Amino acid sequence: MKHDLEARLRSEARRELREAPAGIPEAVRARLERAPELSARRVRRAPFALAAGLAAAAFCAYTFWPREPATVPARPSTPALAVDLTRRGLQYAARMDRPLADEWQLLVADSLQLRDALLGALPNLPR
Amino acid sequence: MDRPLTTDSEALAARAQAGCRESFGLLVERHQKGLYNFLLQRVRSADEAEDLTQESFVRAWRRLATYRDQWRFSTWLYAVARSAAADRGRERRELSQAAHADPSFDPDPAAELSAREESQNLWGLAREVLNEDQRSALWLFYGEERPAAEIGRVLGKSAVAVRVMLFRARAILAQHIERKEQRSAASALAPRRMETLSP
């Protein structure tokens, strides 16, 4: 049965075979001419264009990718430094066995000198 | 570019890949008949097969860069044609769904009649009872005598899957032939019964 069917399929396939309608090559040529030029050669350059594109994308990603800002050791600002030094000075003065008023005077003078050195003179304060 | 010498399709394809349209023209002339017959097994009408043949060649030209010569050019071309036919089938199904939704839809009686006449021969029956891939596999195997591996390449399946598909297609065909033979035997007996019953 199987061989009968196979033989029939083969023989009827030969009868089934038809000639292609006339004009297919011309029609294909016309359709290709109507379509924009898509030559195979141009398409073959794609792998190189792809590689170049990937390299450019990698470079841009490396250059412009947002990064964590570098950790810089925190340094106090100049006014904060002045305040801190004043506070330390007050603590030191509080431990000294001398009248506070003198130490206070010295301390304020030192602080003002320090501030003048760092930020410039304060015009409205008494010297 | 020089006029291409008549040579095998794979060499012509290589020249066409380099931009030689004349070589591609030779390929069209050489493969139009095979491709047209392959497509006739996938679509319902000769007009559609002709249009799809042209469409497949245009697609083949556009995708020529993807052709690698480890396969025969015709195998690759048939795979391109199969994809074009599948796209067309999808469009047709969408259209026919829309048409069936229309209450005034009436199938073409001439087409139905020709389909009935077609089923008298084996390939006509195959068009009626097998699906597109089964018909293509059957055609490529028996009509073009291609090996299962090549058919698999065209249909996007393994060689084993193609063999299974061929086996099933043959079984379905055999089943339908048997049924038809039983029906025709029964209809041949019916008048005789009527004669014996009549006084």
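It should be emphasised that the depicted structure is a prediction, and the values quoted were computed from it without experimental measurement.
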Straight-line distance of B:Glu29 CD to A:Glu26 CD, nearest 0.5 Å: 7.5 Å
Reported CZ-to-CH2 distance for the pair A:Arg31 and B:Trp61, which is rounded to 0.5 angstrom: 15.5 Å
Are [X] and [Y] connected, step by step, through hydrophobic side chains (Ile, Leu, Val, Met, Phe, Trp, Tyr) whose heavy atoms are closer than 4.5 Å?
{"X": "B:Leu40", "Y": "B:Leu130", "result": "no"}
{"X": "B:Trp71", "Y": "B:Leu140", "result": "no"}
{"X": "B:Leu26", "Y": "B:Val58", "result": "yes"}

pair A:Leu17-B:Trp139: side-chain heavy atoms closer than 4.5 Å: yes
Close side-chain approach of B:Phe24 and A:Leu32, heavy atoms under 4.5 Å: yes
Interface moiety of B:Leu35 toward chain A, non-hydrogen atoms closer than 4.5 Å: neither
Residue B:Asp51 versus chain A: region with a heavy atom under 4.5 Å: both
Contact leader toward chain A among B:Gln41, B:Lys33, B:Glu50, where contacts are heavy-atom pairs under 4.5 Å: B:Lys33
Best-contacting candidate, B:Glu145, B:Glu55, B:Arg63, against chain A by heavy atom pairs under 4.5 angstrom: B:Glu55
Looking only at heavy atoms, what is the nearest atom pair of [X] and [Y], with distance?
{"X": "B:Trp123", "Y": "A:Ala13", "answer": "NE1-N, 3.2 Å"}
{"X": "B:Gln32", "Y": "A:Pro21", "answer": "OE1-O, 4.2 Å"}
{"X": "B:Tyr36", "Y": "A:Glu19", "answer": "CE2-O, 3.6 Å"}

Could you go through residues 153-167 of chain B and list every donor-acceptor pair under 3.5 Å that involves a side-chain atom there, pairing it with any protein atom two or more places apart or in another chain?
{"residue": "B:Ser158", "atom": "OG", "partner": "B:Ala161", "partner atom": "N", "Å": "3.1"}

Enclosure of B:Arg168 CZ (heavy-atom neighbours >12, cutoff 6.0 Å): no
Residue from A:Glu16, A:Glu12, A:Arg15 passing side chain to side chain contact (heavy atoms under 4.5 Å, CB included) with B:Leu122: A:Glu12
Any donor-acceptor pair under 3.5 Å from B:Gln54 side chain to A:Val28 backbone: no
